[in-house]
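Report on one structure; see the data block that follows.
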Amino acid sequence: MQLKYSAPRGTEDFLPARVQLLDWIHGSCRRELERHGYLEIRPPLFEDTSLYRRAIGDVTDVVEKEMFTCERGDTSVTFRPEATAGVARAYLENKLDKVRPFQKFYYIGPMFRFERPQAARQRQFEQIGVEAIGSHDPRLDAEVIHLAGRLLDRLELGGYRIHINTLGDKEDRARYRTALEEYVEPQLAEFCAECQARFQRNVFRLVDCKNRDCQRLMSDAPDLLSRASDATRKHFDDVQNALGALGRSFEIDPRIVRGLDYYTHTVFEVRMPGLGARDTLVGGGRYDDLLEELGGPAIPAIGFSLGVTGTLLALQKAGIADEHASEPPCTVFLAAIGDSERLAALVLADELRQSGLIVDLDYEGKSPKAQLRTAGKRNARIVLVLGESERARGVIQVKNMGDSSQRELPMDGDLAFELQRMLEGESTRTAQGEGD
RNA sequence: GUGGCUGUAGCUCAGUUGGUUAGAGCGCCUGACUGUGGCUCAGGAGGUCGUGGGUUCAAGUCCCAUCAGCCACCCCA
């Protein structure tokens with residue numbers, strides 16, 4: 001069949017089974033985040049375009065070519081390409097620093113970037129992230145990095161690697177930039193075409209070029225740490241010590257420079273080797289200057305974001321996606337035999353649902369046999385069979401789909417209670433069975 | 001924005017050097033004592049071979065274009 005419409009490029013329909021998987025991810029992460037004292041915040045899905053230009057940086061790819069922007073009259077809004085800018089704005093606008101200067105937030109929701117889709121990259125994608133605002137304590141850096149790992153642990157994902165680096169403060173970066181430029185300029189012609197272009201735009205990008213020749217040329221390049229201020233080095237050392245105390249293993253990777261302008265000091269990524277071209281599941285770092293740049297007080301902060309698209313891919317590759325992606329069963333299926341019983345079935349289903357049971361029935365005029373088949377496919381635990389003879393006697397057939405046993409129960413106010421008891425008895429037995 | 005690969009039933013795919021009514025498995029529907037599932041068996045529905053052109057006596061099969069998907073580059077969660 002030739003359909004007229006398809007989902008826009010880079011978007012995905014999450015069908016019920018996949019929504020189950022997504023809910024499991026959300027639930028697992030929420031529990032872990034709340035355990036760490038993070039509270040959910042929900043800024044709008046779009047903000048003034050100027051906020052992103054300011055926060056992320058005018059000459060970044062995200063701002064220059066990836067924004068979903070909507071112009072109306074003299075206003076311009078952009079669907080959020082990331083959440084940090086919006087959370088920072090919300091923190092300032094609601095004057096949260098006056099209420100409680102230090103606060104920890106988390107968010108879960110869709111982000112939008114107008115990119116060419118590929119493995120683990122969509123135009124609408126979901127991120128689960130945190131922002132801890134109001135402290136420069138290096139222990140907080142460590143806790144945040146550790147938390148990123150904890151989330152993946154919760155999702156039963158192993159084999160990830162945590163890479164950390166420091167970008168220092170403004171002065172450190174300025175010195176580093178100069179040093180890099182002085183190092184690169186004499187041999188600029190030997191770099192790849194892209195790096196030659198990057199040289200003007202953003203020298204730091206030469207540091208993480210994947211081109212082997214460039215990497216070789218950069219092997220003796222100056223590193224930031226050796227010319228950073230004592231305070232910067234101390235902070236980075238303290239972060240590492242705290243991570244060590246938490247038992248969290250990590251690698252120092254001077255090539256992590258991050259693409260968003262607001263990052264300072266500690267930056268980190270969590271990668272899943274073998275995932276594909278985009279193997280970074282989590283990216284984050286400090287942004288000590290951002291709130292001030294947005295017009296607020298000088299308040300330090302740190303955060304990260306976990307990409308759900310990549311996480312889903314990792315779960316699939318690890319073979320643990322399917323066990324969390326099953327359609328939830330209807331526990332009771334109500335089979336009506338004969339046209340005269342179909343209305344009675346509808347009413348009985350409603351009554352049973354009101355007492356908390358998950359009940360479904362046939363809407364396709366199926367034969368009794370086919371209704372049973374459907375119940376089986378839906379993994380119903382109990383099938384109620386309602387026919388003319390039963391209704392005349394005020395009873396109903398109750399079939400236990402587990403052992404195929406069947407008995408008759410009176411159709412009165414106690415029916416729901418009896419069914420609940422059956423289900424509980426069954427799950428108790430199952431639980432005991434599993435315990436052995 | 002650039003490049004590579006792919007596009008046949010709901011899904012996963014077969015379709016030989018272009019040659020008659022396009023197939024399989026799974027799934028779906030029906031039936032095998034006209035009121036009872038899972039197994040088995042029998043049958044059935046479902047495809048303008050992504051779309052539009054072209055070459056040819058003849059195209060799912062070759063050519064061009066286009067769209068979509070996947071993968072990679074740039075960049076990034």
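Chain identifiers are assigned alphabetically (A, B, ...) following the order of the sequence lines, protein sequences preceding nucleic acid strands; residue numbering begins at 1 within each chain.
Comparing B/C75, B/G37, B/C74 by their closest approach to the side chain of A/Lys369 singles out B/G37. Comparing B/U36, B/C76, B/C70 by their closest approach to the side chain of A/Arg205 singles out B/C76. Proximity note for A/Arg116 (side chain, C-beta onward) versus B/A77, B/G37, B/U2: the nearest is B/U2. If you check B/G37, B/C29, B/U36 against the side chain of A/Lys377, the one that comes closest is B/C29. Which of B/U36, B/C76, B/C71 sits closest to the side chain of A/Gln118 comes down to B/C71. Listed candidates were B/U36, B/C75, B/C71. Nearest to the side chain of A/Glu66 is B/C75. Nearest to the side chain of A/Lys366, among B/G37, B/A72, B/C29, sits B/C29. Checked against B/A77, B/C70, B/U36, the side chain of A/Arg121 finds its nearest nucleotide in B/A77. Closest contact between the side chain of A/Val385 and the listed nucleotides B/G35, B/U30, B/C76 involves B/G35. Relative to the side chain of A/Gln406, the nucleotides B/A72, B/U36, B/U30 differ in distance, and B/U36 lies closest.
Of all nucleotides present, only B/G54 satisfies the Watson-Crick or G-U wobble test against B/C62, with each distance under 3.5 Å. Under the Watson-Crick or G-U wobble criterion, with both distances below 3.5 Å, B/U30 is paired with B/A42. A 3.5 Å limit on both hydrogen-bonding distances identifies B/G25 as the Watson-Crick or G-U partner of B/C11. Base-pair partner of B/A68: B/U6 (Watson-Crick or G-U wobble, both distances under 3.5 Å). With a 3.5 Å ceiling on both atom-pair distances, the Watson-Crick or G-U wobble partner of B/C73 is B/G1.
Judged by atom type and distance alone, A/Glu390 reaches the base of B/G35 through a side-chain donor-acceptor pair under 3.5 Å.
Stacking of A/Arg123 on the aromatic ring of A/Phe114 is recorded, both the 6.0 Å distance cut-off and the 45° axial limit being met.
A/Glu126 comes within contact range of no nucleotide atom at all, as no heavy-atom separation falls under 4.0 Å. Looking at heavy-atom distances under 4.0 Å, A/Gln122 makes contact with a base. If you check every strand for non-hydrogen atoms under 4.0 Å, A/Gly283 touches sugar and phosphate atoms only. Among the heavy atoms of the strands lying under 4.0 Å from A/Thr280 are primed sugar atoms or P, OP1, OP2 only; no base atom is included. Residue A/Thr311 is out of contact with every strand shown, counting any heavy-atom pair closer than 4.0 Å. Across all strands shown, A/Ser389 has heavy atoms under 4.0 Å from base atoms, whether or not it also approaches the sugar-phosphate. Using a 4.0 Å heavy-atom distance criterion, A/Gly284 is classed as making no nucleic acid contact. Nucleic acid contact for A/Leu260: sugar-phosphate only, since backbone atoms but no base atoms lie under 4.0 Å from a heavy atom of the residue. At the heavy-atom level, A/Val383 lies nowhere under 4.0 Å from the strands shown. As judged by a 4.0 angstrom heavy-atom cut-off over every strand, A/Ala375 is placed among residues making no nucleic acid contact. Across all strands shown, A/Thr374 has no heavy atoms under 4.0 Å from either base or sugar-phosphate atoms.
To the nearest whole angstrom, the two C1' atoms, one in B/U51 and one in B/A68, are 10 Å apart. Only the C1' atoms considered, B/U2 is 13 Å distant from B/C75, to the nearest whole Å. Only the C1' atoms considered, B/A9 is 14 Å distant from B/G50, to the nearest whole Å. A gap of 16 Å separates the P atoms of B/G18 and B/U56, to the nearest Å. Here the separation of B/U12 from B/C28, taken at their C1' atoms, is 16 Å to the nearest Å. Taking the P atoms as reference points, B/G25 lies 11 Å from B/A42, given to the whole Å. Taking atom P in both B/G15 and B/G7, one finds a spacing of 11 Å when rounded to whole Å. Rounded to a whole angstrom, the distance from the P atom of B/C41 to that of B/A24 is 16 Å.
Checked by atom type and distance alone, the side chain of A/Ser355 never pairs as donor or acceptor with a backbone atom of A/Ala416 at under 3.5 Å. Using a distance-only test at 3.5 Å, with no hydrogens or angles considered, a donor-acceptor pair links the side chain of A/Arg278 to the main chain of A/Thr280. In this structure, A/Gln371 contributes its side chain and A/Val385 its backbone to no donor-acceptor pair below 3.5 Å. At least one donor-acceptor pair under 3.5 Å links the side chain of A/Thr178 to the backbone N or O of A/Ala174. Proximity of a side-chain donor or acceptor of A/Asp172 to a complementary backbone N or O of A/Asp169 within less than 3.5 Å is detected.
Both A/Leu386 and A/Glu364 lie close to RNA chain B; mapped to their nearest nucleotides by heavy-atom distance, the more 5′-ward contact belongs to A/Glu364. Nearest-nucleotide assignment on RNA chain B puts the 5′-proximal partner with A/Leu313, out of A/Glu269 and A/Leu313.
In the region residues 148-158 of chain A, proximity to RNA chain B at under 4.0 angstrom, judged on heavy atoms, holds for none of the residues.
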For this session: Could you please spell out the steps behind the side chain to side chain contact (heavy atoms under 4.5 Å, CB included) verdict for A/Phe236 and A/Gln240?
Result: CA-CA 6 Å; A/Phe236 196 46; A/Gln240 292 174 55; 3.2 Å; yes

For this session: In sequence, state the C-alpha distance, the side-chain angles, and the governing distance for A/Arg35 and A/Glu32, and then conclude on salt bridge (Lys or Arg N to Asp or Glu O under 4.0 Å).
Result: CA-CA 5 Å; A/Arg35 200 180 270 188; A/Glu32 191 64 28; 3.4 Å; yes

Problem set entry | salt bridge (Lys or Arg N to Asp or Glu O under 4.0 Å) between A/Asp58 and A/Arg53, intermediate numbers included | CA-CA 5 Å; A/Asp58 263 325; A/Arg53 304 191 83 91; 3.0 Å; yes

For this session: Take A/Phe68 and A/Phe79 through the ring-ring contact (aromatic ring centres under 6.0 Å, His included) test and state the conclusion after the steps.
Result: CA-CA 6 Å; A/Phe68 274 94; A/Phe79 284 88; 7.3 Å; no

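Other residues, nucleotides and ligands contribute only 12 or fewer heavy atoms inside 6.0 Å of the CZ atom of A/Arg139.
What separates CG of A/Leu372 from C1' of B/U30 is a distance of 16 Å, to the nearest Å. A/Asp61 places its CG atom 14 Å from the C1' atom of B/U2, with the value rounded to the nearest Å. Here the P atom of nucleotide B/G69 and the CZ atom of A/Arg123 are 9 Å apart, to the nearest Å. Put simply, CE on A/Met111 is 11 Å from P on B/A77, counting in whole angstrom units. The separation between A/Leu334 atom CG and B/G35 atom P is 17 Å, rounded to whole Å. Regarding A/Asn400, its CG atom lies at a distance of 16 Å from the P atom of B/G38, rounded to whole Å. Rounded to an integer number of Å, the gap from A/Asp339 CG to B/G35 P is 12 Å.
The shortest distance between the side-chain N/O atoms of A/Arg278 and the OP1/OP2 oxygens of B/C75 is not below 4.0 Å. OP1 or OP2 of B/U30 has at least one side-chain nitrogen or oxygen of A/Arg373 nearer than 4.0 Å.
Using cut-offs of 30° and 60° for the angle between ring planes, the A/Phe204 and A/Tyr176 rings count as parallel.
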